[in-house]
Amino acid sequence: MGGGLTLEQELRILACHDGHGGAVEAALGSYPYPDDRLARRSTLEASVRESGEPVALLVAWMHRLIHDETVRPLDADLDVRWPKAPDPADAALVVRLAADPACAYYEIRAALQLAERALAQGPPGDALVSALLELRARLECDRLHSSEFFRAKVLPWVLRLVAATTPADLPDLAFLDPHDRWAPAVVTTVHASSEPATVGRALLHLASPRGGKPSKAWWARTAVLLGDVPGLTGLAVELLDAVTTVDATARDDERDGWDVPDPFLLTPANELLARGLAWALQLAPSDEACEVLGRVALRSAAMVWVVPAHRMLCPKLAVAAVDALCAIGSPAAQEQLATVIDEMRVPALLRRIGPHLGLTDDEVAARVAGLRARGPLPRPDR
């Protein structure tokens, strides 16, 4: 099989192929057309449940996918429960296979889930680190990451996992996306801090939530970091303040390979970090933090024209800043919320803020109706 695999990895692939090749063959044989990938998914799901070995079946599938040019990658997730503590050798093998150009959305996502869970159990082995570096090189060099999923989620996810394997005494800020003008300010601020490596790892944690809200474990870890990392609270305020002042016009070189709107403030990956900073300030409230959160909410909620409609400049950050002010609930936070609700034009955020200011449902509805009565925002192309 070659391709940089060790003898142990090749033997593992053969074992998975012998044990689960029949299930893969059955799925492919039942649906021979390239566009039957969604139908194949249900067949493979049934095989996984019957086998009880999802990782082994995944390896068998990826092996067939890589070596058979007539097979296309899956375009939807299998309904599979991956083990919470996978074998690090298996995680390394799956990530290594995902670095092959034949693998795409589902296969790479499953590989990163396994790698993330393996890293959570202890220090990474050399095989997993090498596989992650190879996958990073593949995503950075080919054009897969020009799609929204790979650009906004997969590549930053890989970069975060690689940063998590960096020795603790070395600052690794490669998880920052260099395509906006906020990232250089973050790098400068981190390197000017007293402990750049520690601060960098703290930012890596703050950017880690990928869903709509952080987990209880994230909140607990954040509380510990705010107490243990010197100056982290002040740094969070400083970085969020930079969001309100940084230039929002993308340069031509920043548009290379990107569908970048203009104005353009934060890349999707860096918006996750800014969102984490806003959430974290709930645990360290101050009048200064509230004032910055108010300005962040207003700027990130500014409406911009992106075909085919207007949208907020940074919607995830806007919601996080508003939620942080609502959670703080101090007089300074209430004052900022009152300013925000008077100046923004986003009905969803008005409904979010209204109850925290004591407004009734009818009063909120009247404000929303007032926004609609003002008519649509002007389009720059007309």
Side-chain angles (χ1 to χ4, degrees), residues 84-85 116-117 119-123 156-157 159-161 163-173 175-176 182 186 189-243 266 269-297 300 314 316-334 336-337 352-353 356:
K84 292 184 178 180
E116 190 171 58
R117 297 185 181 191
L119 290 173
Q121 303 306 310
W157 193 356
L159 294 175
R160 286 196 296 269
L161 292 179
T165 67
T166 303
D169 59 339
L170 296 177
D172 186 348
L173 300 177
F175 62 91
L176 288 172
W182 185 60
V186 177
T189 303
V190 171
H191 283 290
S193 64
S194 58
E195 300 180 15
T198 303
V199 171
R201 284 189 170 271
L203 296 185
L204 180 64
H205 163 74
L206 294 178
S208 60
R210 294 189 302 277
K213 60 181 181 180
S215 64
K216 292 181 180 179
W218 185 91
W219 283 113
R221 178 61 179 159
T222 300
V224 172
L225 289 174
L226 290 173
D228 292 348
V229 178
L232 182 58
T233 301
L235 183 137
V237 172
E238 182 178 351
L239 292 181
L240 286 176
D241 181 65
V243 173
L266 299 180
N270 290 346
E271 186 178 359
L272 295 183
L273 171 58
R275 181 183 67 172
L277 292 168
W279 280 334
L281 288 182
Q282 297 180 38
L283 302 178
S286 66
D287 290 353
E288 181 185 13
C290 291
E291 191 270 335
V292 169
L293 286 170
R295 288 191 287 113
V296 167
S300 54
C314 292
K316 294 179 180 178
L317 177 56
V319 171
V322 166
D323 285 350
L325 288 170
C326 292
I328 292 172
S330 66
Q334 294 292 93
Q336 292 299 322
L337 288 174
R352 216 176 187 98
I353 296 172
H356 291 273

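Both backbone and side-chain heavy atoms feed into the values below; hydrogens, waters and symmetry mates do not.
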Test item: Gln334 side-chain N/O and His356 main-chain N/O as donor-acceptor pair under 3.5 Å: yes
Atom pair OG1/CD of Thr233 and Glu238 - distance to nearest 0.5 Å: 12.5 Å
Nearest atoms (heavy-atom pairs only) where Leu293 meets Ala321: O-CB, 3.8 Å
Atom pair OG (Ser194) and CG (Leu235), whose distance is rounded to the nearest 0.5 Å: 10.0 Å
Nearest atoms (heavy-atom pairs only) where Leu272 meets Arg160: CD1-NH1, 4.4 Å
Test item: Pro171 and Val190 side chains (from C-beta on) under 4.5 Å apart, heavy atoms: no
For the student: nearest non-hydrogen atoms of Leu226 and Ala280, plus distance: CD1-O, 3.6 Å
Nearest-0.5 Å distance, CG of residue Asp241 to CG of residue Leu277: 12.0 Å
Step-by-step side chain to side chain contact (heavy atoms under 4.5 Å, CB included) determination, Leu239 to Leu273: CA-CA 10 Å; Leu239 292 181; Leu273 171 58; 5.6 Å; no
Closest non-hydrogen atom pair between Leu317 and Val243, with its separation: CD2-CG1, 3.9 Å
Gap separating the OG atom of Ser330 from the CG atom of Asp287, nearest 0.5 angstrom: 6.0 Å
Closest contact, heavy atoms only, Pro230 versus Glu195: CG-OE2, 3.8 Å
Glu291/Arg295 ion pair, N-O < 4.0 Å: yes
Minimum heavy-atom distance between Gly200 and Leu173, given as atom pair plus value: CA-CD2, 3.9 Å
Under 3.5 Å: donor-acceptor pair, side chain of Arg275, backbone of Pro209: yes
Under 3.5 Å: donor-acceptor pair, side chain of Gln336, backbone of Leu325: no
Ring geometry between Trp218 and His205 (parallel below 30°, tilted from 30 to 60°, perpendicular above 60°): parallel
Side chain to side chain contact (heavy atoms under 4.5 Å, CB included) between Leu281 and Val292, worked out: CA-CA 10 Å; Leu281 288 182; Val292 169; 5.6 Å; no
Residues, nucleotides or ligands: over 12 heavy atoms within 6.0 Å of Gln121 CD: yes
Distance in Å, Leu206 CG paired with Leu225 CG, rounded so as to fall on 0.5 Å steps: 7.0 Å
Close side-chain approach of Pro156 to Phe175, heavy-atom, < 4.5 Å: no
CH2-OG distance between Trp157 and Ser208, expressed to the nearest 0.5 angstrom: 12.0 Å
